[in-house]
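Order of the sequence lines sets the chain letters (A, B, ...), proteins ahead of strands, with each chain counted from 1.
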Amino acid sequence: MKKSEKSLTTIGTVLLLSATMVSISACGTSTVSNTGNTSGSTSNTSSSTSSSGTSNNVGGTITLYTSEPVQDANLYKNAFEKEYPNVKVNIFSSGTTQVIAKLMAEKQAGNIKADVLLLADQPTFVQLKDQDMLLSYQSQEDSKIPSEFIDPDYDFVGTKALTTGIVYNTSLVKTAPADWSSLLDSTAKGKVIMPSPDFSGAAAYFAGVMSRTSGFGWDYFTSFKKNGVVVGSGNGSVLTAVENGQNAYGIIVDYMAVNASQKGSPVKFVYPTSGLPVITEPIGIVMSTQNKAGAEAFEDFVLSQAGQEAGVQMGYAPLRQGVTPPTGLKPGTDYKVLTVDPKTLADNRAQDIKKFDGIMK
Amino acid sequence: MRTEIRGRAIDLMGFGKATKAVVIGLPVFLVCVTLMSLIWNSISGHGHLTLSVYSQLFQNESFFKIIGATLESSIGGALLSVLIGAPMAYVAASMTEKYVKWFHVANSLPLIIPSYISALAWEFMFGPIGFVNKILSHIFGGNPQVIHFFGMGGLIFSLGLIHYPFVYLLTYAALSQIPVDSLRAARCSGASAFSVFRYIIFPLGWQAILNGALLAFVTNADDFGIPAFIGIPGHVTVLSTAIYQEITNSLFSGGFGSAAAWSVIAGVISGFIMLLEVLASRRTNHYSSGQSGGLRGNNMAVSVIGIALFVLILLITVVIPFILLVITALLPAVGAPLSKMSISDFWIAIENFGQTGLVFRNSIEMALVTGVACSIVGSIAVNTFSKNNSLFGKFVGIVLSLPYALPGMIFGLAMILTFLHPLPLVHWSLYGTFWILVIAYFTRFITLAVRTLTPAFASFDRTQVRAASVCGAGTLKVVQRILIPAMLTSFITSFLFVFLTSLTEMTVSSVLAAPKTETIGMAILNFDQTGDMMSAAVFSLMVLALMGVFAAVVWGCMKAYLHINNKKTRSALHWRLLRNP
């Protein structure tokens, strides 16, 4: 009796231990591969002026922090690693707020793990620049990118054109909206949804630009409120609501609506005639990078013909001249761009969001 | 003699006092370190100590409105959870044992179905142009919108329905322990049904209900998805959404100071509510656990009414959302005609996302380690403290539950600030590794294990252990013959609870993970944010399938073990009878 009892206890223990061991051994490997990328970043240099590493013998590991979805970021990674076989790219991909929050927490603790940032918009990068977090780098590819999307000090460069326009549900709306004023029409009363600047950087940018554009201003948002606009959370919530017919119209980032429409959703994207704000999702190198050559090579690649074509494959309109945008999206020359100085937007972002929330309450 | 027995009882788990102190001290230490870093962040502005963040907070006119809305939605949701969960637990406890496990699974599903899918399904049903409103406006005419789903009502409804399994699971654990002897004795003495309820069922059940309600409350207060989906369009801001907005707005300006201050306040509120619970539950009832499951099969009517109610709830919380989930996963795009459904879209989503294998492996491993660790440490802690019912133990319980009450993202940021630097003695940083996430999950979810195990240990009769000790049974034998059979169900429930919660965790990992340690929750969050509902649905279905298989395997193993153990005891008895007739 004693024997059988003991053997059962042993079996139980073995089962439990083996379950734990499996996981320990499995994560042991992941820890090892991680130390490779973290070991380099112990001390940091403050100089930001040195010659660019354009030679082919760049190597090592770089870590990319991005708000691109994993599958898109992987397209960049794979195409890049094919061209630079000696460089390994590690990707951390999460929501824009999450990525920046992680970055700022790492900064506060004094050890930033990222080498390259690819996310959000120009005002966000202006704020990073103001905090001395970016390394200046003039890529040889910059010449092909429109100069208004390049930081004057070469701290960051735009990588793509994400416009904010109008999406509508084709089975609910008979006459397509043509301009921003269509959303103030009585036919659209209570049927429009827009993302909240509290949740979406694109929406914050939209509010900042529109409120400073003549003919719109904060009055536009007040009239919007009067026409019963619904404020959702992120751009995803807008797309879902319009796809499902919860709302007939929405304000949204172009590629989301175009991708959905191409997959068969009953939605269509409209470029308003009086112009649209454009977000460029810039790329920049982190000041404390330990692999400057690798980071610069990555920036070169994203701006290059091949990199911009990889972006087209993901459904984004390119910024580089001579690259055709994906079907359904217009090239930058075919619509009017509404712009405001990114520094102004950066300095006023918090107040803008407060003001927006105040109007919509 | 007496002291010797007591000494044995303390040594029960095969641990000395010191080891035990370390085992319980570890999570308490982890919690305190993380909380301290959060508090420190909220009071250290620009290099010196200041309460300016707090004074700004209190001057903010919307502060009290947000606190009020949080309390209203969380308490309202918890009450609704009790209204649904407690009767369901009673039905389960009176049901024939054969069907209980299916009832169990069905009642745990609302917690497991991703909340954004449930929210979407309910929007379809009750939203401004949902079919319920369409029918109602048809009947009443004129008024286009009878039910205002976006806003406080919809928030309470959703939170209450999604989190009722907390109340259900904990109450069931307590009610199923009700001894047959007590009920028989009561009936023999001519007690009315009301008296049985008042003096036997209620005293055993109420603490579990309270525990469940508190867990539901804390979860409601911390929940982000539902308030973002249903509260924001209805202009209802609660703490969790306010904190998220605060982080977004002040990333560059004030660091995390004000977000940290908001979180500290969230923690204080939860802590305060739990303190009330401690004061309310100072008296515990000990029942001898003779033959448990006394309620079983004694009331047909209850079962019939209960099951009818249950089917209705199941329809709203599980069936309709699940159908929606499947349709979404199989369609090429949301809103596309149903004729375009195809299974190939399912595989495309898995293939397109380059890290499917990685995130599943990471999450499963993290959940396994966390589940085992939380259940073991939780058992030791509960066993130590439930014995003497000390205030200190209750205090430890409150401290352990605080990380769960904090918004996940803020908890993740506090972990970064605490663990980014190399550990003092080993000069090796946990940050960026698999283990930082395990530690975060462990610290955050240990309270789930503690709360699941508490009712079981509270109603467990320690005289059995003493009796065994007196008869000369060793520690190992006491554990194997008395503790395991009595506690195994609760232990497994606690393990599954922690395992399933860790498996789908998304907010802590969304800031704490590093390249190569991404989780399933992060993938789903990413899909959700980029509007890729199809991939989100595909991954949710895969998680559901995984959970189903895993839960079935664990329960199967447990049943098999109990069966073998039972048989063995019987054959041992048989053998002894043969030897000494």
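Using a 4.5 Å cut-off between heavy atoms, I353(A) touches chain B through its side chain atoms alone. Proximity to chain B involves both the backbone and the side chain of S93(A), based on heavy atoms less than 4.5 angstrom apart. With a 4.5 angstrom heavy-atom cutoff, T97(A) touches chain B via backbone and side-chain atoms both. With a 4.5 Å cut-off on non-hydrogen atoms, E106(A) touches chain B through its backbone and its side chain both. Contacts of A260(A) with chain B are made by backbone atoms alone, with heavy-atom separations under 4.5 Å and no side-chain atom involved. Neither the backbone nor the side chain of L331(B) comes within contact range of chain A, judged by heavy atoms closer than 4.5 Å.
Between P69(A) and D532(B) there is no side-chain heavy-atom pair separated by less than 4.5 Å. A 4.5 Å side-chain heavy-atom check between Q355(B) and N74(A) finds at least one atom pair inside the cut-off. Counting only heavy atoms from C-beta outward, the side chains of Y431(B) and N111(A) never approach each other to under 4.5 Å.
The two residues I247(B) and A101(A) have their closest heavy-atom pair at CG2-CB, 4.2 Å. When all heavy atoms of F353(B) and V70(A) are compared, the pair lying nearest together is CE1-CB, 3.5 Å. The minimum heavy-atom distance between H235(B) and M360(A), with the atom names listed, is CE1-O, 2.9 Å. Between V230(A) and P233(B), the closest heavy-atom pair is CG1-CB, 3.9 Å.
Side-chain contact annotation: Q108(A) with N41(B), donor-acceptor N/O pair under 3.5 Å present.
Counting heavy-atom pairs closer than 4.5 Å to chain A, the top residue among H421(B), M534(B), E518(B) is H421(B).
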